[in-house]
Each structure stands twice: as structure tokens, then as C-alpha cells.
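Heads up, the thing below is written out as C-alpha cells.
Numbers for residues simply follow the sequence, beginning at 1. Just follow the structure's listing: the first ligand is 1, and inside any ligand the first atom is 1.
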Amino acid sequence: MTETQTKKLKGIAASDGVGIAKSYLLVDPDLSFSYNQKVSDLDNEKDRLDKALADSKDDLQKIKAKAEKNLGKDEAEVFEAHLTILSDPEMIAAIQAQITDNSINAESAVKNVTDHYVATFEAMKDNAYMQERAGDIRDIAKRIISHLLGVSLPNPALINEEVIVVAHDLTPSDTAQLDPQFVRGIVTDMGGRTAHASIMARSLEIPAVVGTGNAIDNIKNGVNLIVDGGAGDVLVDPNQEEEIVYARKVGEYYARKRQQAELRDKPSQSADGIHFDVNANIGSPKDLDAVVKNGAEGIGLFRTEFLFIDSDHLPTEDEQFESYKAALQALKGKPVTVRTMDIGGDKQLSYWKLPKEDNPFLGYRAIRISLKQDDIFRTQLRALLRASVYGDLWIMFPMIATLQEFRDAKKIYEEERDRLVKNGTKIADNIKLGIMVEIPASAVLADQFAKEVDFFSIGTNDLIQYTMAADRGNDRVSYLYQPYNPAILRLIKHVIESAHNEKKFVAMCGEMAGDPVAVPILMGLGLDEFSMSASSVLPTRSLMKSLKVSDMKELAEKSVNQQTNQQVIDLVKSYQK
Ligand code: PEP
Ligand code: MG
């Protein structure tokens with residue numbers, strides 16, 4: 001008898017917990033074909049097209065029905081739009097004409113016609129509706145061609161049994177479609193701990209190992225998998241003994257969580273009685289339950305771009321208003337910090353394509369878009385201002401590099417506020433206006449910014465990537481992604497001191513705020529608010545309880561004077577003994 005050996009893959013520990021289930025490969029199948037290949041039997045080609053169109057329609061009807069059941073009517077609407085396009089007689093006639101006029105295969109005919117539509121719609125740059133349609137047509141073309149080639153497309157939204165999703169890379173929009181009820185784990189080839197897909201996995205409490213480099217090559221569809229998201233291990237086809245060991249780990253994980261749950265309604269306080277705000281980050285109102293369940297003391301970051309990513313159109317003012325109102329009401333007067341749209345980088349919209357750039361992380365994104373295409377920005381600000389009466393609203397702008405950007409954004413904000421007031425709309429009078437400090441330029445100039453803003457929120461996910469010039473989602477340079485490098489710690493210290501010198505409040509909403517190695521140092525540096533994935537709130541509160549700020553001040557002072565990331569890690573360990 002031959003004994004199969006468990007394959008072990010190593011990756012980056014991206015979301016804690018252990019998942020055991022069968023693999024589900026979320027990989028786009030090979031959709032290549034001979035382009036503009038000549039065919040002689042044109043009737044056969046047209047029959048193939050008819051069948052592919054009918055099968056695509058069938059698919060979409062099934063997907064729509066399931067999406068309606070699992071995700072609700074609104075989320076399913078996109079498939080209705082796809083069905084309408086799929087039955088468009090003009091488009092079908094154009095594809096048929098391509099086959100007859102050029103004697104080419106059906107795949108090429110579909111591509112030529114849909115490419116033409118996509119290019120026409122995309123050329124209407126200022127028309128968001130047309131941009132959305134371009135995305136729809138691209139999706140439909142993919143589906144028809146997959147049927148012509150006889151391969152099936154995976155669909156993350158429709159997973160309805162327990163699986164571990166394995167992918168080359170996951171976009172934030174892929175991740176948003178995963179249902180934590182069924183998805184027991186995530187494994188990817190690419191990615192880093194602070195890539196948005198990882199952050200979302202943590203907020204959905206799905207164990208994840210990213211940046212394995214070779215998961216797709218080593219894992220077949222439907223094999224048994226174990227994912228240890230705390231250790232960064234993936235076991236492919238584990239033996240019985242391993243399954244028992246890991247099932248025990250699942251039990252330990254939940255026992256730890258039950259213990260921490262006792263701190264849910266307790267304040268976050270150090271062993272020597274100093275209070276810190278421990279808040280949660282969210283991406284949409286869907287995350288509010290987790291905020292309340294984990295006893296967060298506020299929302300430190302509402303990543304509003306996920307309202308845009310989750311939708312199939314630019315959310316209207318009223319749609320946004322409802323989301324902000326829901327967050328403010330759920331928090332019952334506790335602070336809610338909402339960040340204006342931070343699209344770009346790894347956060348792209350299917351229906352509104354940004355211009356292709358060589359360096360999207362350094363390009364046209366976030367506040368840069370908001371200041372240039374200010375109609376979208378103004379809509380968002382109006383929705384926020386109207387919602388402000390439902391709680392304690394703090395608004396901040398992402399990716400601020402210069403004082404001028406902050407002043408320009410503030411001016412637009414004030415214009416919209418004054419206009420609403422003039423129209424008799426009720427607006428809270430205590431809204432705070434701040435910035436994300438996530439570009440080294442604004443961190444270095446924090447003393448100047450502090451005179452003009454109400455508060456800072458340090459976005460370490462980006463601050464680290466820009467300071468170290470190491471892409472946060474690239475596992476090849478993850479060794480340079482060093483949160484405890486004294487260069488980073490000194491920047492943070494400067495930002496905190498600059499804020500306090502002006503009696504301003506300073507928060508951190510990057511993942512570092514919930515990192516057990518960083519928390520002791522940040523307590524010593526005097527950070528006011530720690531905001532993190534909701535699942536990290538209770539572990540952080542529990543850690544804070546065990547530490548004295550008087551000791552942490554000494555630790556922080558020593559940390560900023562170390563030479564390396566590793567020396568700081570060792571130093572923190574020595575204080576936790
Ligand atoms: C950050 O950069 O630290 C941050 C919180 O924003 P995001 O992760 O959305 O870029
Ligand atoms: Mg950021």
C-alpha cells in the first residue's frame with residue numbers, strides 16, 4: 001500500500017483561525033482561442049453561437065435566482081442587466097454578421113463585436129452609466145466565449161457548501177462576494193498581510209494564508225485542505241492524525257475567543273488604569289454587527305469605497321446617506337470616522353474604469369480623484385452631512401500629500417455644507433474634519449497639518465509601503481514591509497507628538513493598530529485611538545489590560561532608538577515576559 005504524503009505550503013499568515021474543508025479553485029479558465037480563424041461551415045458556427053447564447057442565458061437565470069436568494073434583490077439586479085444585454089437583437093445580429101461576412105469562428109465574432117461596444121462605451125469617459133455597461137459587456141463576452149470553448153466560469157458569490165477558496169490572487173471585489181458561512185478559508189499565490197483582500201478576510205473572520213507563491217500549481221479542485229491562518233500553513237490532503245491535531249486547534253481558537261468575549265462591555269484600559277479607544281474598521285453597513293458583537297468603542301475607519309465596489313453603479317446620494325445613517329445609528333452616539341472614497345491602487349470598480357497607469361499605487365487615486373472629479377466627492381459629502389444628525393460624525397480625507405489638498409477638500413466640504421444649510425437641511429454642528437496620515441510627506445509635515453485639521457488617523461498600511469518603497473500586496477518584497485522599523489516608529493512618534501502639541505486627537509487605523517507587537521509601543525507613544533478589524537478588538541483589549549503604560553513609555557523610547565525591525569521585536573518580547 002502506498003501512503004500519500006501531505007503536501008505543506010508556506011505563506012503569509014493573513015487572517016487568524018483554522019479552516020478545514022475541500023478546495024474550491026477560483027481561477028479563470030483558459031479562454032484562449034484561434035483569433036479570426038477562418039471557417040467553412042458557417043451554419044455550424046451560427047449553431048454553436050446560438051447554443052452558447054442559450055447556455056449563457058440559462059447560466060445567468062440560475063445565477064440571478066441564487067443571488068436573489070443569497071444576497072438579496074438589489075445585488076441580483078446586475079444579472080438582470082446582463083440578461084437584457086445578452087438578448088439584445090442588435091448585438092446578436094452584429095455577431096452573426098461577423099461570422100457570415102468574414103467567415104470567422106464564433107469566438108472571434110463575439111470578441112470583435114463586444115470589443116467594439118466596450119471601446120465605444122469606455123470612450124464616453126464622463127458618463128458613469130456607459131462605463132458600467134462596458135464592464136457588463138466584458139463579463140458577458142467572457143461567459144459566451146467560455147460556453148463556445150466548453151469550459152465553466154467559477155462564481156464566488158454562488159458558493160453554497162463549505163469550501164476553502166484557492167486563487168492566484170483575490171481582488172477586494174472577489175473577497176466581498178465570499179460568504180463566511182460557507183468559506184472556511186482562503187489560500188492565494190499572491191498578496192500581503194495588509195492587501196485589502198487580507199484585511200477583508202480578517203473582518204469576515206475567514207482564516208487566510210496569502211503569498212504562498214505556488215498554491216494554484218499544487219492544489220487541485222475538491223481536495224481536502226487545512227488552512228492555519230495564524231501560522232501561515234496550508235496542508236494539502238492531510239492525513240487523519242493531522243486532521244485530529246488541527247480540529248483541536250479549531251477548538252482552542254474558539255475557546256480563546258469565548259474568553260475574550262467577556263471583555264466585550266469592558267473599557268480598554270492598561271494595567272495602570274490608562275484608557276485608550278479601541279475601535280473597529282468597516283467597509284459597509286454589513287460589518288456593523290461585528291462591530292457591536294466585538295464591543296468596539298467606535299468606528300475608526302469606514303472605508304466608503306467598498307460601497308462603490310459592492311455596487312454595480314456609482315452609489316447615489318440617498319443610497320450613501322442610508323449607509324452612513326445606519327452606521328451612526330448602530331453606534332448610538334459613539335464616534336464614527338468616515339473616510340471619503342479611496343478608489344484606486346488595488347481597489348478598482350468594474351463599472352468605472354480608471355485610466356491604465358504604470359504605477360496605480362502612486363497614481364490617480366483617492367483624494368486626487370475627488371478633487372478632480374468633484375461631482376462624485378460633493379455627492380458623498382452631501383450624503384455625509386445629511387447623515388451627521390444621527391450620531392457623532394468624523395470625516396477624513398485619504399492620501400493627503402500636501403496642505404493645499406487638505407485646504408481644497410475642506411473648501412469643497414464647506415461649500416456643500418453651506419448650500420445644505422441655506423436649503424434648511426439639518427446638519428450636526430460638531431462634525432470633525434481630519435486626514436489620513438499615510439504618505440510620508442504628510443507625516444513629516446504633521447506639525448504644520450496639526451494646526452489646520454481636527455484630527456489625524458495614521459494609515460500605516462500605506463505609510464509603511466510608501467516609506468519602505470515596498471508594495472503592500474507583493475509577497476516578493478514582503479521582507480521590506482517592516483512595521484517596527486525604527487524609521488516607521490519615528491514617523492509615528494512625530495505624528496503623535498505634533499498632534500498633541502496642538503491639542504489634537506490622533507488615531508491609527510492601519511493594521512498595525514491591532515498588531516500585538518506594535519500595540520505596546522503605540523501605548524507608550526501615547527496614541528489616543530486604535531482602530532482595527534473588528535475581530536482584533538477583543539484580543540487587543542485583552543493585551544492592553546496586561547501592560548502598564550509607565551513600562552510601555554520606556555519600551556517606546558528604546559524602540560525608536562533601535563537599528564532594525566528585528567531588534568524592536570526582540571525588545572517587545574523582553575517586556576512581555
Ligand atoms: C492604511 O493605508 O493604513 C489604511 C487604513 O487605508 P487602506 O488600508 O484602506 O489603504
Ligand atoms: Mg491607505
Side-chain angles (χ1 to χ4, degrees), residues 14-15 170-173 175-176 191-203 210 279-284 287 296 298-310 336-349 360-370 394-401 405 434-443 446 455-474 481-484 488-489 491-492 495-496 506-515 518-519 522 527 529-534 536-537:
S15 176
L170 277 183
T171 62
S173 64
T175 317
R193 214 187 119 74
T194 57
H196 284 97
S198 301
I199 294 172
M200 289 168 78
R202 284 198 284 286
S203 79
V210 302
N279 290 4
N281 297 343
I282 66 166
S284 84
D287 303 332
I299 289 173
L301 168 63
F302 185 160
R303 287 184 167 93
T304 58
E305 56 279 6
F306 283 99
L307 299 177
F308 291 66
I309 290 173
D310 280 350
V336 175
T337 304
V338 180
R339 174 176 76 186
T340 59
M341 182 191 80
D342 182 11
I343 289 296
D346 62 344
K347 289 176 287 198
Q348 298 286 338
L349 303 179
F361 275 96
L362 301 179
Y364 186 54
R365 55 173 301 194
I367 195 69
R368 302 164 188 193
I369 300 178
S370 295
W394 300 42
I395 299 174
M396 64 182 174
F397 306 124
M399 299 287 293
I400 292 285
E405 282 176 329
I435 62 163
M436 296 272 303
V437 179
E438 52 186 342
I439 293 181
S442 60
F455 70 98
F456 288 142
S457 185
I458 309 175
T460 48
N461 303 338
D462 280 319
L463 186 62
I464 298 167
Q465 90 164 338
Y466 295 128
T467 305
M468 303 300 291
D471 180 346
R472 63 198 259 190
N474 183 343
Y481 196 86
Q482 302 182 348
Y484 331 112
I488 304 292
L489 299 180
L491 276 179
I492 293 172
V495 175
I496 296 174
V506 57
M508 179 180 286
C509 61
E511 291 303 296
M512 196 171 167
D515 173 341
V519 167
L522 299 170
L527 184 70
E529 174 194 306
F530 297 63
S531 193
M532 58 201 70
S533 309
S536 300
V537 165

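Sorted by chain and number, the protein atoms of type N, O or S within less than 2.8 Å of the Mg ion (ligand 2) are E438 OE1, D462 OD2.
Not a single N or O atom of R365, backbone or side chain, sits closer than 3.5 Å to an N or O atom of ligand 1.
Remark: minimum distance from atom 6 (O) of ligand 1 to any protein heavy atom is reached at R339 NH1, 2.8 Å. Summary of contacts: the protein heavy atom closest to atom 7 (P) of ligand 1 is H196 NE2, 3.2 Å.
At least one side-chain heavy atom of I488 sits under 4.5 Å from a side-chain heavy atom of T467. Contact annotation: the side chain of V519 approaches that of F530 to within less than 4.5 Å [non-hydrogen atoms, C-beta and beyond]. You'll find the side chain of M532 reaches within 4.5 Å of the side chain of V537, heavy atoms only. Side-chain contact between N461 and I199 is present, with at least one heavy-atom pair separated by less than 4.5 Å. When side chains are defined from C-beta on, M341 counts as touching I369, because their heavy atoms get closer than 4.5 Å. The shortest side-chain heavy-atom distance between R303 and N281 falls under the 4.5 Å cut-off.
Under 4.0 Å from ligand 1, not a single heavy atom of I458 appears.
Looking at E438, R303, M399 and measuring to atom 9 (O) of ligand 1, the nearest heavy atom belongs to R303. Checking R472, E511, M508 against atom 10 (O) of ligand 1, the nearest heavy atom belongs to R472.
Note on ligand 1: Q465 sits outside its first shell, no heavy atom being nearer than 4.0 Å. A heavy-atom separation below 4.0 Å is found between M436 and ligand 1.
Between the side chain of S531 and the backbone N or O of G300, at least one donor-acceptor pair lies under 3.5 Å.
Listed by number with element, the atoms of ligand 1 under 4.0 angstrom from any heavy atom of L301 are 5 (C). Set against the non-hydrogen atoms of D462, the atoms of ligand 1 under 4.0 Å away are 1 (C), 2 (O), 3 (O), 10 (O). Under a 4.0 Å criterion applied to the non-hydrogen atoms of C509, ligand 1 contributes the atoms 5 (C).
With sequence neighbours excluded, the residues that form a salt bridge (charged side-chain N to carboxylate O under 4.0 Å, His left out) with R202 are E511. When the salt bridge (charged side-chain N to carboxylate O under 4.0 Å, His left out) test is applied to D342, the partners found at least two apart in sequence or on another chain are R339, K347, R365. By the side-chain hydrogen bond (donor to acceptor under 3.5 Å, both in side chains) test, T340 is found to be paired with no residue, residues two or more places apart in sequence or in another chain being considered.
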For D471 and Y481: C-alpha separation, side-chain torsions, deciding distance, then whether side-chain hydrogen bond (donor to acceptor under 3.5 Å, both in side chains) applies. CA-CA 8 Å; D471 180 346; Y481 196 86; over 6 Å; no
